[in-house]
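The structure appears right after this line, and notes come after that.
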Amino acid sequence: MDSKIIFSRQITIEDWKQDKISQQVVLILGVGGIGSVATTNLLRLGVKKIFMVDYDRVEIHNLNRQTLYSNKDVNQQKVKAALENASFHNVGNTEIQMFDLDAVQNWDKIVEMASQSTAIFNCIDYGDYWDAAVQSLCLYYNIPMIIAGSFAQSFMAEIYLGTPCYGCMTDGLKEEYLNQITKENITNLKNISFLPSNNKPQGQSHQVLCSTAGNFATQLLLNYLNEQADSQTSKKVLFYLTTFEIVNFPVFSKNNCQICKYQEPIKEQQIITPEPIKEEQIITTELNQEQK
Ligand SMILES: *[C@@H]1O[C@H](CO)[C@@H](O)[C@H](O)[C@H]1NC(C)=O
Ligand SMILES: *[C@@H]1O[C@H](CO)[C@@H](O)[C@H](O)[C@H]1NC(C)=O
Ligand SMILES: *[C@@H]1O[C@H](CO)[C@@H](O)[C@H](O)[C@H]1NC(C)=O
Ligand SMILES: [Zn+2]
């Protein structure tokens with residue numbers, strides 16, 4: 001098997017860095033709809049190794065979008081069925097390891113896998129604190145965290161590369177929990193089920209949405225590896241499938257972020273001369289007051 005020939009149609013693409021791609025060890029947390037697509041993509045791209053982690057069993061209602069599974073797999077362990085089908089897509093001899101375990105309760109195992117990984121796809125829908133914990137781990141090992149999530153007819157695709165981090169760009173996270181998952185002690189934790197999970201409504205998703213989300217998320221990693229323009233900082237994108245509208249979220253570092261510990265540089269004192277108030281503005285203010 002000659003990998004030069006297998007990947008000959010991609011290695012000549014401008015900026016393509018197959019050598020880098022071939023060295024990737026990717027931890028896929030959650031092999032559902034998006035995890036399925038990410039797995040297939042990474043195998044066909046020719047990464048070095050994939051860790052797959054999931055504790056679910058295949059359910060009938062997964063089959064509309066979780067492309068590693070079919071009717072014969074219902075009630076089977078997801079990772080076992082996933083490994084079977086992943087082997088079919090494993091054209092470039094990627095090493096695949098699967099783990100049938102609850103990632104939240106067996107955090108020490110996740111830490112161990114992360115220590116050997118070059119990127120993490122976080123496809124476990126446990127909530128913001130879980131995402132923050134995975135982010136903290138990624139910062140510790142200095143590797144990207146990729147997230148994708150879909151709902152009904154829209155999806156998010158996100159990549160976090162150092163600062164700004166997930167913590168910087170997520171509002172409302174409580175200090176009492178973030179304190180326990182700092183970069184300093186994230187690798188010492190064994191079980192992070194003390195973190196609150198999101199209480200989400202039943203998901204709505206379909207094949208096109210889920211695969212598009214998985215594809216966009218994989219492309220975020222590819223852009224980073226291929227060092228495309230504007231790909232070396234965090235990115236958070238919302239995509240509406242029905243209108244093809246894309247919303248790029250503002251990317252900013254939060255001062256004193258508890259996850260990445262960003263500190264705003266101390267600025268030189270600026271002397272701002274206030275502009276004189278114009279007449280127009282005074283009139284508007286008065287009008288507003290009348291309306292109340
Ligand atoms: C894996 O999925 C493909 C379709 O993506 C299918 O053709 C193939 O038969 C499956 N293989 C196994 C072993 O499940
Ligand atoms: C993780 O912690 C929870 C809550 O304390 C406990 O119920 C569970 O058994 C623990 N899991 C493991 C694998 O130790
Ligand atoms: C993690 O470290 C912080 C200080 O950085 C400390 O307050 C907290 O108790 C530690 N948590 C655990 C679970 O070790
Ligand atoms: Zn941060």
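These numbers come from the heavy atoms of this one structure, side chains and all, not from hydrogens, waters or symmetry mates.
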Query - Which atom of Phe252 lies closest to which atom of Cys168, heavy atoms considered - result: CE1-O, 3.3 Å
Report task. Answer yes or no: is there an ion pair linking Lys261 with Glu184, defined by an N-O contact shorter than 4.0 Å? Result -> yes
**Report entry** Verify same cluster id: Phe244, Leu209 (apolar side-chain graph, 4.5 Å)
**Finding:** yes
Query - Inter-residue atom distance Lys4.NZ - Ile11.CD1, 0.5 Å rounding - result: 6.5 Å
Query raised in the report: Between Arg65 (side chain) and Gln207 (backbone), is there a donor-acceptor pair under 3.5 Å?
Result: no
Query raised in the report: Are the side chain of Asn90 and the backbone of Ala86 linked by a donor-acceptor contact shorter than 3.5 Å?
Result: no
Report task. Mark yes or no for whether Asn226, through its side chain, and Gln228, through its backbone, hold a donor-acceptor pair below 3.5 Å. Result -> no
**Report entry** Residues Phe239, Val247; criterion side chain to side chain contact (heavy atoms under 4.5 Å, CB included); working and verdict
**Finding:** CA-CA 6 Å; Phe239 192 97; Val247 180; over 6 Å; no
Report task. Measure the shortest side-chain to side-chain distance between Tyr166 and Ile147 over non-hydrogen atoms and say whether it is less than 4.5 angstrom. Result -> yes
Query - Atom CG of Asn188: over 12 foreign heavy atoms under 6.0 Å - result: yes
Query raised in the report: Any side-chain heavy atom of Pro144 within less than 4.5 Å of one from Ile120?
Result: no
Requested in this report: Using distance alone, with no hydrogens and no angle criterion, decide if Gln24 and Lys49 have a side-chain donor and acceptor under 3.5 Å apart.
Outcome: no
Query raised in the report: For Asp15 and Glu227, what are the C-alpha separation, side-chain angles and deciding distance, and is it a side chain to side chain contact (heavy atoms under 4.5 Å, CB included)?
Result: CA-CA 8 Å; Asp15 298 331; Glu227 296 165 34; over 6 Å; no
Query - Ile13, CD1: over 12 other non-hydrogen atoms inside 6.0 angstrom - result: yes
Query raised in the report: If you round to the nearest 0.5 Å, how far is NZ of Lys183 from CD of Gln135?
Result: 10.5 Å
Query raised in the report: Does the side chain of Leu222 reach to within under 4.5 Å of the side chain of Gln219, using non-hydrogen atoms?
Result: yes
Query raised in the report: Of all heavy-atom pairs between Ile259 and Leu139, which one has the smallest distance, and what is that distance?
Result: CG2-CD1, 3.6 Å
Query raised in the report: In terms of hydrophobic clusters joined by side-chain contacts under 4.5 Å, are Met145 and Leu173 together?
Result: yes
Report task. Supply the atom-to-atom distance Asp73 CG to Gln77 CD, rounded to the nearest 0.5 angstrom. Result -> 11.5 Å
Query raised in the report: Distance only, no hydrogens: is a donor on one side chain within 3.5 Å (strictly under) of an acceptor on the other, for Asn198 and Asp125?
Result: no
Query raised in the report: Side-chain donor-acceptor pair under 3.5 Å between Tyr262 and Glu264, yes or no?
Result: no
Query raised in the report: With side chains defined as the heavy atoms from C-beta onward, is the minimum distance between Val47 and Ser22 less than 4.5 Å?
Result: no
Query raised in the report: Is there a donor in the side chain of Asn256 and an acceptor in the side chain of Gln263, or the other way round, less than 3.5 Å apart?
Result: yes
**Report entry** Residue pair Val134 / Trp107, side-chain heavy-atom distance below 4.5 Å
**Finding:** yes
Requested in this report: Quick one: do Phe51 and Met98 satisfy side chain to side chain contact (heavy atoms under 4.5 Å, CB included)? Show the steps, please.
Outcome: CA-CA 6 Å; Phe51 292 109; Met98 54 142 189; over 6 Å; no
Query raised in the report: For residues Arg44 and His89, is any side-chain donor paired with an opposing acceptor at under 3.5 Å?
Result: yes
Query - Donor-acceptor pair between Asn185 and Thr182 side chains, under 3.5 angstrom - result: yes
Report summary line: Smallest heavy-atom separation, Gly92 atom then Phe7 atom, equals CA-CZ, 4.0 Å
Requested in this report: Check the pair Asn191 / Gln105 against side-chain hydrogen bond (donor to acceptor under 3.5 Å, both in side chains), numbers first and verdict last.
Outcome: CA-CA 4 Å; Asn191 180 346; Gln105 291 195 18; 5.0 Å; no
Query - Side-chain donor/acceptor of Asn122 to backbone N/O of Ile146, under 3.5 Å - result: no
Query - Over all atoms of both residues, closest heavy-atom pair of Gly172 and Tyr129 - result: O-OH, 4.0 Å
Report summary line: Taking every heavy atom of Asn64 against every heavy atom of His206, the minimum-distance pair comes out as ND2-CA, 3.9 Å
Query - Minimum side-chain heavy-atom gap Tyr224-Gln232 below 4.5 Å - result: yes
Requested in this report: Kindly compute the distance separating CG (Leu101) from CD1 (Ile110), expressed to the nearest 0.5 Å.
Outcome: 5.5 Å
Query raised in the report: Gln66 pairs by side-chain hydrogen bond (donor to acceptor under 3.5 Å, both in side chains) with which of Glu59, Lys78, His61?
Result: Lys78
Requested in this report: Please say whether more than 12 non-hydrogen atoms of neighbouring residues, nucleotides or ligands are located less than 6.0 Å from NZ in Lys254.
Outcome: yes
**Report entry** Gap separating the CD atom of Gln153 from the OG1 atom of Thr243, nearest 0.5 angstrom
**Finding:** 10.0 Å
Query raised in the report: From Ile21 CD1 over to Leu42 CG, what is the distance, rounded to the nearest 0.5 angstrom?
Result: 10.0 Å
Requested in this report: Could you give me the CA-CA distance, side-chain angles and deciding distance for Phe151 and Ser205, then say whether side chain to side chain contact (heavy atoms under 4.5 Å, CB included) is met?
Outcome: CA-CA 6 Å; Phe151 196 80; Ser205 194; over 6 Å; no
Report task. Please answer whether the main-chain N or O of Met113 pairs with a side-chain N or O of Ser117 as donor and acceptor at a distance below 3.5 Å. Result -> yes
Query raised in the report: Any chain of hydrophobic side-chain contacts (each under 4.5 Å) joining Ile60 to Tyr69?
Result: yes
**Report entry** Distance-minimising heavy-atom pair for Ala133 and Ile181
**Finding:** N-CD1, 3.7 Å
Query raised in the report: Does atom NZ of Lys20 have more than 12 heavy-atom neighbours from other groups under 6.0 Å away?
Result: yes
Requested in this report: Report yes or no: do Phe216 and Leu221 belong to one cluster of Ile/Leu/Val/Met/Phe/Trp/Tyr joined by side chain heavy-atom distances under 4.5 Å?
Outcome: no
Report task. Apply the test side-chain hydrogen bond (donor to acceptor under 3.5 Å, both in side chains) to residues Gln18 and Trp16: give CA-CA distance (whole Å), side-chain angles for both, the deciding distance (0.1 Å), then the verdict. Result -> CA-CA 6 Å; Gln18 187 67 39; Trp16 195 269; 2.9 Å; yes
**Report entry** Tyr55 atom OH, over 12 foreign heavy atoms within 6.0 Å
**Finding:** no
Query raised in the report: Do Lys235 and Asn248 have side-chain heavy atoms sitting under 4.5 Å apart?
Result: yes
Query raised in the report: In the single-linkage hydrophobic clustering (I, L, V, M, F, W, Y; side-chain heavy atoms under 4.5 Å), do Phe155 and Ile159 co-cluster?
Result: no
Query raised in the report: Quick check: does any side chain N or O of Thr170 sit under 3.5 Å from a backbone N or O of Gly167, one acting as donor and the other as acceptor?
Result: no
Query raised in the report: Where the side chain of Ser234 meets the backbone of Pro164, is there a donor-acceptor pair that is under 3.5 Å apart?
Result: yes
Query raised in the report: Going by distance alone, is a donor N or O of one side chain under 3.5 Å from an acceptor N or O of the other, for Ser253 and Thr163?
Result: no
Requested in this report: Decide, yes or no, whether a salt bridge links Lys72 with Glu84 under the criterion of side-chain N to carboxylate O below 4.0 Å.
Outcome: yes
Query raised in the report: Distance-only, no hydrogens or angles: does the Ser231 side chain make a donor-acceptor pair with backbone N or O of Asn223 under 3.5 Å?
Result: yes
Requested in this report: Could you tell me whether the side chain of Tyr240 reaches within less than 4.5 Å of the side chain of Ile246, counting heavy atoms only?
Outcome: no
Query raised in the report: Would a distance-only check, ignoring hydrogens and angles, find a side-chain to backbone donor-acceptor pair under 3.5 Å from Asn215 to Ser211?
Result: yes
Query raised in the report: Can you tell me if Tyr160 uses its side chain to pair, donor with acceptor, with the backbone of Met169 under 3.5 Å?
Result: no
Query raised in the report: Would Asp131 and Tyr126 count as having a side-chain donor-acceptor pair, cut-off 3.5 Å?
Result: no
